[in-house]
There are 2 protein chains.
Amino acid sequence: MPKLNENYQNVKDSYLFAEIARRVSVYEKEHPDKAANIIRLGIGDVTRPLTKSAIEGLHEAVESQAAAETFQGYGPEQGYAFVRKAVSDYYAKQGVQVDPEDIFISDGAKSDTGNITELFAKENVILVPDPVYPVYVDTNTMDGKQILYMDGTEENQFLPMPDDSVKADIIYLCSPNNPTGACYNKEQLKAWVEYALKNEAVILFDSAYEAFVSEPELPRSIYAVEGAEKCAIEFCSLSKTAGFTGTRFSYTVVPKELVFSASDGSTMSLRDMWNRRQSTKFNGTPYIIQYAAARVLTDQGMEECMQNISYYMENARMIAETLRKKNISFTGGVNSPYIWFRCPDGMESWEFFDYLLENAQIVGTPGAGFGVNGKNHFRLTSFGTHEKTKEAMERFKQLF
Amino acid sequence: MPKLNENYQNVKDSYLFAEIARRVSVYEKEHPDKAANIIRLGIGDVTRPLTKSAIEGLHEAVESQAAAETFQGYGPEQGYAFVRKAVSDYYAKQGVQVDPEDIFISDGAKSDTGNITELFAKENVILVPDPVYPVYVDTNTMDGKQILYMDGTEENQFLPMPDDSVKADIIYLCSPNNPTGACYNKEQLKAWVEYALKNEAVILFDSAYEAFVSEPELPRSIYAVEGAEKCAIEFCSLSKTAGFTGTRFSYTVVPKELVFSASDGSTMSLRDMWNRRQSTKFNGTPYIIQYAAARVLTDQGMEECMQNISYYMENARMIAETLRKKNISFTGGVNSPYIWFRCPDGMESWEFFDYLLENAQIVGTPGAGFGVNGKNHFRLTSFGTHEKTKEAMERFKQLF
């Protein structure tokens, strides 16, 4: 009889979005007259269509698959050289040097942040912020690994900093953060890199929201910090940058400098291990999507992306302005599509969810879904339309 | 300092295709006059372009991503209902009932056969045929799992059968087989299902080449055998069926009947575990590809696929006929795009590789790359053009 991986029994069911859907559905049934009024600012999914460059790139690539002369079968598991180069060039425009050979193209930052745990043995001290994107916790739990949490609170503006008394081996950071919208500045990231180098720890840096950083002095990549190539793996994606949530394209940087000792004294390269992992358990991102992604990463392609991002950030501005007027403290809203705020009147996050749904027909995301430290906080997103976001904020203003 | 997964040190480097490329390159440099003559019948990749239905489906789906009204963001991790239904209907046409709820859409049988190992604990007896598709071995080795091999030989026509003295927990089967082209008949698969049910083992059945089965009495799915839903997971893909090797679409069936005991006496469902795995570490196959795949799985779409498969099978027929004329015993060539034969004159497979390259400028794949039992065998594939395959077989006939 097969012996199953019983660590799965320790993974919590992901109730969050199912529970949100259930409560909204109950409300709609009880208040059919108000169902049409509901405005959803809870989801973390984009709504603007793909850009002109992406669409043109996709059509061109599809057409090339229709003729034997230009047909592409299996591609390199690491991604085509042309798109690894395009990602490297994209970094270079931010003043960050990344060797194309260290860039691995994939189908999602979720896949890669999840699968990367395979490279590490069970015996590691894994440090994860709370509140947090649940994938970091769930994937390590499935592996039977122990997690240490570090608190994100209003006191540290949801940007936990290294604690020298904690000896971590692997550290998850996400900046700009999901769900808090908080963004580390360069000094703060430098402190993390210094901690990692001193403790020989590896930072797993999720920069999926880097394109929303508008303040030029804020780092959009951990490799903007000197020495990070000796201690950090970075995960990024076109999901939010180019609206690729349903199209799927991401990239992970595993610098060749990441070499550690094995128990027999030999050395192992994380880059080589990741290459072996991807070559063995992945067959590459679809050719047509790699082709379109390279088009998106050109100057013209990114200009179109930035138009969509500006559209969303206008929503973020409206939400932030409303909270500011109501003296509600928040993080995010600038440099991030997320706005994270303390629930008014001492409410807990699920209580506030119900209150906001019943009294203003606004759907958001309760902070409790992201960890203990989210229990009095709430997340709104800027991925709606201007009209709906404006209307939601008018209702919000009247309510408080 | 991070403790790495040292099982990676036990994974053999995949020299096979790199070594083939190296030897061909050396030959080309030493014989520049003959470089243009080289015919490659080694690769397992398709060469015919995508079908009309696939191209039309892709273009339509791309266009729908250009407008906000039809734009699709994150989809269900398990795949859209419309394509899970299309896969279920495709099975139904072969007389096999599969619940759409048990079908998980993914980006490759390689990804899924690799990732499925996560559901199982280390302490399992894992049975793998030799010769074999290397992914089964490598992914279990990366996990630190022990593998037992079962011999595929000329005596059993490379179709190993269950041995009651071996108590396996997990069994890998691939039929039609890569690399041997051998295909289990219904009686043989029934014996495997009976063994699995008796021993409470799980069969991991790779049916990636099912569309090449032309003899109607041969099973194209393990679920053609009664009781298989209680003991088998099936992996299939459009890679070879529809030329999707660069487009990426696969499906895995994990029947809800697969429920086993945990050590605390509770029960765990492999379907629920796989659902949790995919929901946590995967964000779904690209929408545009799912849309096109559903089009491919229609009657019209499959008719177009079968035209390409017939094209390849004409190559297989030519190769098989040549071997038959030369009294060289082989498996495959019918019901499979692969032809697997004993190297003539007692040669070992790498020796024969060099001999064939030097004397006929034909590139094939040495059987040694697939396991110990392949050391005197050789694989040719039918994925070339008619012209090149015909020319190669004429050279082959003259050589022996």
Side-chain angles (χ1 to χ4, degrees), chain A residues 1-6 8-9 11 14 45-50 55 58-59 62 65-68 71-75 107-108 110-111 114-115 118-121 123-124 135 138-139 142 169-170 200-202 245-248 260-263 268 273 276 279-283 286-289, chain B residues 1-6 8-9 11 14 45-50 55 58-59 62 65-68 71-75 107-108 110-111 114-115 118-121 123-124 135 138-139 142 169-170 200-202 245-248 260-263 268 273 276 279-283 286-289:
Chain A
M1 195 171 77
K3 276 58 111 187
L4 305 187
N5 176 357
E6 299 189 8
Y8 272 63
Q9 294 187 326
V11 186
S14 57
D45 196 359
V46 298
T47 53
R48 309 278 297 162
L50 293 189
I55 294 290
L58 285 167
H59 276 311
V62 168
Q65 292 290 71
F71 175 76
Q72 300 287 337
Y74 289 122
D107 68 327
K110 189 177 170 190
S111 305
N115 293 331
E118 291 178 32
L119 307 194
F120 302 106
E123 306 73 25
N124 279 294
V135 165
D138 292 349
T139 55
M142 286 171 171
D169 300 306
I170 295 164
E200 289 191 90
V202 176
T245 53
T247 305
R248 318 301 318 137
F260 295 95
S261 296
S263 53
M268 293 176 80
M273 289 175 77
R276 194 61 167 93
S279 303
T280 308
K281 303 194 189 182
F282 185 56
N283 243 324
Y287 167 72
I288 54 178
I289 288 168
Chain B
M1 195 171 77
K3 275 56 108 188
L4 305 187
N5 176 357
E6 300 189 8
Y8 271 63
Q9 294 186 324
V11 186
S14 57
D45 195 359
V46 298
T47 52
R48 308 279 297 163
L50 294 188
I55 293 291
L58 286 168
H59 276 311
V62 168
Q65 291 291 71
F71 175 76
Q72 299 289 335
Y74 289 122
D107 68 326
K110 188 178 170 190
S111 304
N115 293 330
E118 292 180 31
L119 307 193
F120 302 106
E123 306 72 26
N124 279 294
V135 164
D138 291 350
T139 56
M142 285 172 171
D169 302 306
I170 295 164
E200 290 190 87
V202 176
T245 52
T247 305
R248 317 303 317 139
F260 295 94
S261 296
S263 53
M268 293 176 80
M273 289 175 77
R276 194 62 166 92
S279 302
T280 307
K281 303 194 189 182
F282 185 56
N283 243 324
Y287 167 72
I288 54 179
I289 287 167

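Every chain is numbered from 1, with letters handed out A, B, ... down the list of sequences.
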Residues A/P2 and B/I170: closest non-hydrogen pair is CB-CG1, 4.4 Å
Drop me the distance from B/M268's CE to A/N5's CG, to the nearest 0.5 angstrom.
-> 7.0 Å
When the 4.5 angstrom heavy-atom criterion is applied to B/S279 and chain A, the contacting part is backbone
Taking every heavy atom of B/T280 against every heavy atom of A/D138, the minimum-distance pair comes out as CG2-CB, 3.6 Å
Toward chain A, the part of B/F71 with a non-hydrogen atom under 4.5 Å = side chain
Within-4.5 Å side-chain heavy-atom neighbours: A/N283 and B/D107 = no
Is chain A contacted by the side chain of B/R48, its backbone, both, or neither, given a heavy-atom distance below 4.5 Å?
-> backbone
Minimal heavy-atom distance between A/A68 and B/P49, with the atoms involved, is N-CG, 3.6 Å
Among the options A/G75, A/G108, A/A262, pick out the one with the most heavy-atom pairs lying under 4.5 Å from chain B.
-> A/A262
Which residue out of B/T247, B/V46, B/N115, B/L119 racks up the most heavy-atom pairs below 4.5 Å with chain A?
-> B/L119
Taking A/E123 for the side chain and B/K3 for the main chain, is one N or O donor matched with an acceptor at less than 3.5 Å?
-> no
Tell me, side chain or backbone of B/T47 under 4.5 Å from chain A's heavy atoms, or both, or neither?
-> backbone
Taking the side chain as C-beta and beyond, is there a heavy-atom pair between B/I288 and A/I288 under 4.5 Å?
-> yes
For A/T245 and B/G73, work out which heavy atoms get closest and say how close.
-> OG1-CA, 3.1 Å
Look up atom OG1 in A/T139 and atom CD in B/E118, then write down how far apart they are to the nearest 0.5 Å.
-> 9.5 Å
Using modelled atom types only, decide if a donor and an acceptor are shared between the side chain of B/K110 and the backbone of A/F282 within a distance under 3.5 Å.
-> yes
What part of B/E6 gets closer than 4.5 Å to chain A, counting heavy atoms only: side chain, backbone, both or neither?
-> both
Can any side-chain N or O of A/D169 pair as donor or acceptor with the backbone N or O of B/M1 at less than 3.5 Å?
-> yes
Report the distance from atom CD of A/Q65 to atom CG of B/L58, rounding to the nearest 0.5 Å.
-> 8.5 Å
Tell me, for A/A66 versus chain B, whether the close heavy atoms (under 4.5 Å) come from the side chain, the backbone, both or neither.
-> both
B/M142 versus chain A, the contacting section by heavy-atom distance below 4.5 Å | side chain
Is any side-chain heavy atom of B/F120 less than 4.5 Å from a side-chain heavy atom of A/L4?
-> yes
